[in-house]
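Report on the following structure.
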There are 2 protein chains.
Amino acid sequence: MPDTSNRKAQILQTAAALFRERGYQAASMRDIATAMHIEAASLYHHIKSKEEILEIICFDMAEQFLSTIVEVNDIYFNAEEKLRMAILNHVRLITQNQERSAVFLHEWRSLPEVSLNSFLALRNQYENGFKQIVKEGIEEDIFGQVEPKFAVLSILSSVNWINEWYKPDGKMNAEEIAKNISDFVLGGLRKKLVTDLGYKP
Amino acid sequence: MPDTSNRKAQILQTAAALFRERGYQAASMRDIATAMHIEAASLYHHIKSKEEILEIICFDMAEQFLSTIVEVNDIYFNAEEKLRMAILNHVRLITQNQERSAVFLHEWRSLPEVSLNSFLALRNQYENGFKQIVKEGIEEDIFGQVEPKFAVLSILSSVNWINEWYKPDGKMNAEEIAKNISDFVLGGLRKKLVTDLGYKP
DNA sequence: CATGTTGCCTAACATTTGTTAGACAAATAT
DNA sequence: ATATTTGTCTAACAAATGTTAGGCAACATG
């Protein structure tokens with residue numbers, strides 16, 4: 001007797017887990033149904049099609065990611081603070097919903113062409129949010145003369161990779177992971193004689 | 001009248017391109033055959049099964065990646081040199097064969113269980129090669145006190161991400177990309193007053 | 001010339017896929 | 001009590017999947 005109120009949400013979550021585990025194409029409607037202890041046909045009283053499931057998950061996550069970076073740009077002023085906060089929000093979203101994040105990160109390729117284009121537009125917006133922060137940091141003379149494109153790609157790839165190895169029962173929480181990555185991204189690997197250049201607000 | 005000498009290699013290359021574009025599950029034997037202007041059944045005179053194609057590609061690339069890091073550890077002595085060279089080799093392998101690299105990076109999940117285990121063992125070996133270099137750098141006091149696991153994951157994720165955006169007709173070649181990433185990884189983002197600590201060999 | 005090999009073909013197969021139609025029971029509303 | 005909605009079921013579908021069997025033509029080898 002499953003709680004009938006949010007059956008659709010259950011389907012989305014179950015589907016996300018299976019999409020993540022086996023990939024969108026390899027996870028069948030019957031797999032999803034079996035995981036919920038119902039028949040495949042029953043799913044269609046809640047959702048229109050398999051593609052609709054993918055679309056809902058991808059666009060829902062895209063909006064969540066986007067809203068966090070908008071928030072960061074509204075609240076914080078210093079580029080380093082902004083970057084640390086953007087990374088933290090990203091890590092939080094990924095660790096708090098690994099299944100749906102994985103679909104957002106990898107399975108969007110299976111979106112039908114029309115949805116695919118709008119999805120890529122949203123993803124580009126998100127990347128531009130990061131690029132904007134890096135550019136600000138360079139202009140404010142807080143960051144060195146790096147290539148913004150490379151910096152953003154490196155940051156996002158590091159931060160997305162979390163999804164491949166993070167286990168909820170591991171030793172680190174989102175905050176610690178975010179701090180480690182932020183420190184690494186900001187500080188780099190090579191040992192230096194360092195004096196931070198203070199910035200005067 | 002296709003050159004019959006290396007027909008199998010052609011199949012592997014065509015399959016790799018399709019596996020990359022659509023994913024292993026979504027790319028059918030008929031798709032591969034059509035791309036080669038033959039019938040699906042004809043493929044089976046050259047390969048045993050669809051899974052065999054995947055296995056050959058994954059393990060071939062795994063061996064290539066592994067051999068480069070062994071080479072690096074044989075030739076170079078300084079940790080920074082080793083790391084730069086390892087990154088360069090990695091970038092070269094990816095840019096020189098994007099299709100097969102993409103399969104190695106993403107489609108191995110579809111390997112049958114037995115192959116999967118040996119594959120993951122090889123991949124672990126490769127990651128450990130990098131981790132070894134980072135540890136050496138810390139011991140030699142060339143690198144700062146970073147968490148090797150994080151450093152390696154960040155480096156590899158950055159370097160693997162190349163496969164998502166690199167276009168052979170783009171402005172940058174493998175060497176330039178590798179230098180950019182190496183500089184970023186080693187130097188980080190934050191501006192500092194820097195004096196390199198010379199190491200005395 | 002005969003012989004075997006190579007590479008491809010057509011035809012067919014069992015299975016799995018996403019999806020629809022229609023029925024039945026329980027819960028809810030009137 | 002009656003009517004309606006909701007969630008599930010069984011049954012079935014057309015299409016696509018990986019794969020096999022058997023045959024035919026071109027070529028190389030004895």
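Here is how names work: the chains are called A, B, and so on, in the same order as the sequence lines, proteins then strands, and each is numbered from 1.
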Hey, what are the protein-to-nucleotides 17-21 of chain C N/O distances that come in under 3.5 Å?
residue: C:dG18; atom: OP1; partner: A:K50; partner atom: NZ; Å: 2.7
residue: C:dG18; atom: OP2; partner: A:M29; partner atom: N; Å: 2.9
residue: C:dG18; atom: N7; partner: A:R30; partner atom: NH1; Å: 2.8
residue: C:dG18; atom: O6; partner: A:R30; partner atom: NH2; Å: 3.0
residue: C:dT19; atom: OP2; partner: A:Y44; partner atom: OH; Å: 2.6
residue: C:dT19; atom: OP2; partner: A:K50; partner atom: N; Å: 2.9
residue: C:dT19; atom: O5'; partner: A:Y44; partner atom: OH; Å: 3.2
residue: C:dT19; atom: O4; partner: A:R30; partner atom: NH2; Å: 3.4

Straight-line distance of A:H90 NE2 to A:I155 CD1, nearest 0.5 Å: 11.0 Å
Residue-phosphate contact under 4.0 Å: B:H46 side-chain N/O, C:dC8 OP1/OP2: yes
salt_bridge(B:K82, B:D74) N-O dist < 4.0 Å: no
B:R100 and B:Q13 side chains, donor-acceptor separation under 3.5 Å: yes
Donor-acceptor pair (no angle test) under 3.5 Å: A:H45 side chain, D:dT6 base: no
Nucleotide C:dT16, atom P - distance to CZ of A:R22 in whole Å: 13 Å
Nearest-Å distance for atom pair CD/P, residues A:E39 and D:dC9: 5 Å
Carboxylate-amine/guanidinium contact B:E139 B:K135, below 4.0 Å: no
B:F65 ring center within less than 6.0 Å of B:Y126 ring center: yes
D:dC9 phosphate, OP1 or OP2, under 4.0 Å from A:S42 side-chain N/O: yes
Salt-bridge criterion met for A:R92 and A:E175 (N-O under 4.0 Å): yes
